[in-house]
Amino acid sequence: MSALLELRDIKKSFAFRKGILQRVVGQVNAVNNVSLTIERGRTLGLVGESGCGKSTLARIVVGLFPPTEGEILFDGLQIAGADIPIDPKFSRRIQIIFQDPYSSLDPRLPIGDSIAEGLVIHGIGDTKSRRKAVLDILALVGLPPQAADRYPHEFSGGQRQRIGIARALILEPEFLVCDEPTSALDVSVQAQILNLLKRLKGRLNLTMMFISHNLAVVRHIADDVMVMYLGHAVEVAPVNELFTTPRHPYTRALLSATPIADPDRRGERIKLIGELPSPLNPPSGCPFHPRCSYAYDRCKTELPAMITAGGSRVACHAVEAGKLPPA
Ligand code: SF4
């Protein structure tokens with residue numbers, strides 16, 4: 001299998017401004033030296049608490065933010081670099097589904113026109129062929145042809161997310177970023193949308209990055225999982241490996257707090273100490289050390305590098321030193 005998307009040492013900093021004059025008073029490092037590879041046809045789940053940098057990373061991948069440092073390669077070609085946003089030639093091949101599709105739909109436009117917008121922007125087809133493409137894509141996402149002439153307020157949350165998926169897929173992308181696409185939906189509708197995405201992925205041979213704070217959802221849809229904490233990647237593993245043998249203390253804490261139906265799963269809930277630190281003033285050394293019950297002196301001063309442990313990649317001094325008890 002070949003890599004479709006590769007991120008190399010991606011960093012994203014934002015200026016933090018304050019006061020009437022909006023003076024820059026600091027930098028927030030939202031993403032810190034994140035590297036990852038997603039092979040064609042696979043889905044990477046990206047998990048972590050809100051504020052961990054996963055949505056910023058998604059926006060970098062679709063070209064909404066240029067990275068401050070690092071490189072993005074797509075199908076072997078560099079398409080973005082330090083302060084250089086994604087080459088527009090590639091934007092059609094990488095699309096995104098947002099958590100709230102309603103906010104991206106123009107309330108005055110019939111949804112058929114909203115779905116066709118990407119085709120118009122990229123100068124694809126004429127009025128007749130675009131209409132046909134809209135009706136085909138509506139059928140693909142399970143909506144009737146009459147939906148094309150209705151307005152956004154006439155649809156339920158689940159139907160709107162189907163519209164969001166149709167808008168992303170009309171350009172026939174190869175790579176789809178799903179940014180919390182089900183977290184605003186009722187549980188029963190969540191399952192329908194997840195199953196639809198899984199079906200479409202197989203049918204259209206998509207490669208995906210799926211962002212969620214819900215580990216059960218990620219387990220259902222992802223092949224591999226990357227766990228992020230305070231802008232850092234802390235563990236990357238195939239989905240079964242991560243759920244059966246979590247290695248990083250933060251992954252263990254997240255898993256212990258997630259209700260997952262699995263008779264083989266034992267163990268008590270691991271409580272995280274304290275709050276998520278401010279990214280404006282991150283801890284020294286391992287960013288997780290103030291909340292980690294395994295932290296020792298080295299953790300306070302030295303940022304752990306990613307190492308290979310079994311089938312996973314983990315950034316933790318205690319894992320490297322063999323000091324952690326088995327999960
Ligand atoms: Fe905990 Fe230290 Fe590992 Fe960080 S490096 S997760 S503080 S044991």
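We count ligands from 1, going down the list as the structure has it; atoms in each ligand are counted the same way. We number each residue from 1, following the sequence as shown.
- Below the 2.8 Å limit, atom 3 (Fe) of ligand 1 has as protein N, O or S neighbours Cys316 SG.
- Between Glu180 and His213, the side chains place a donor N or O and an acceptor N or O closer than 3.5 Å (distance only, hydrogens not considered).
- Applying the salt bridge (Lys or Arg N to Asp or Glu O under 4.0 Å) criterion to Arg108, with sequence neighbours excluded, gives Asp106.
- Ring orientation note: the planes of Phe14 and Phe65 are nearly perpendicular, at an angle over 60° on the 30°/60° scale.
- Ion pair Glu6/Arg40 not flagged as a salt bridge, since none of the NZ, NE, NH1 or NH2 atoms sits closer than 4.0 Å to an Asp/Glu carboxylate oxygen.
- No salt bridge links Arg247 with Glu235; every basic N to acidic carboxylate O contact stays at or beyond 4.0 Å.
- Leu140 CG to Ile170 CD1: the interatomic distance, rounded to the nearest 0.5 Å, is 10.0 Å.
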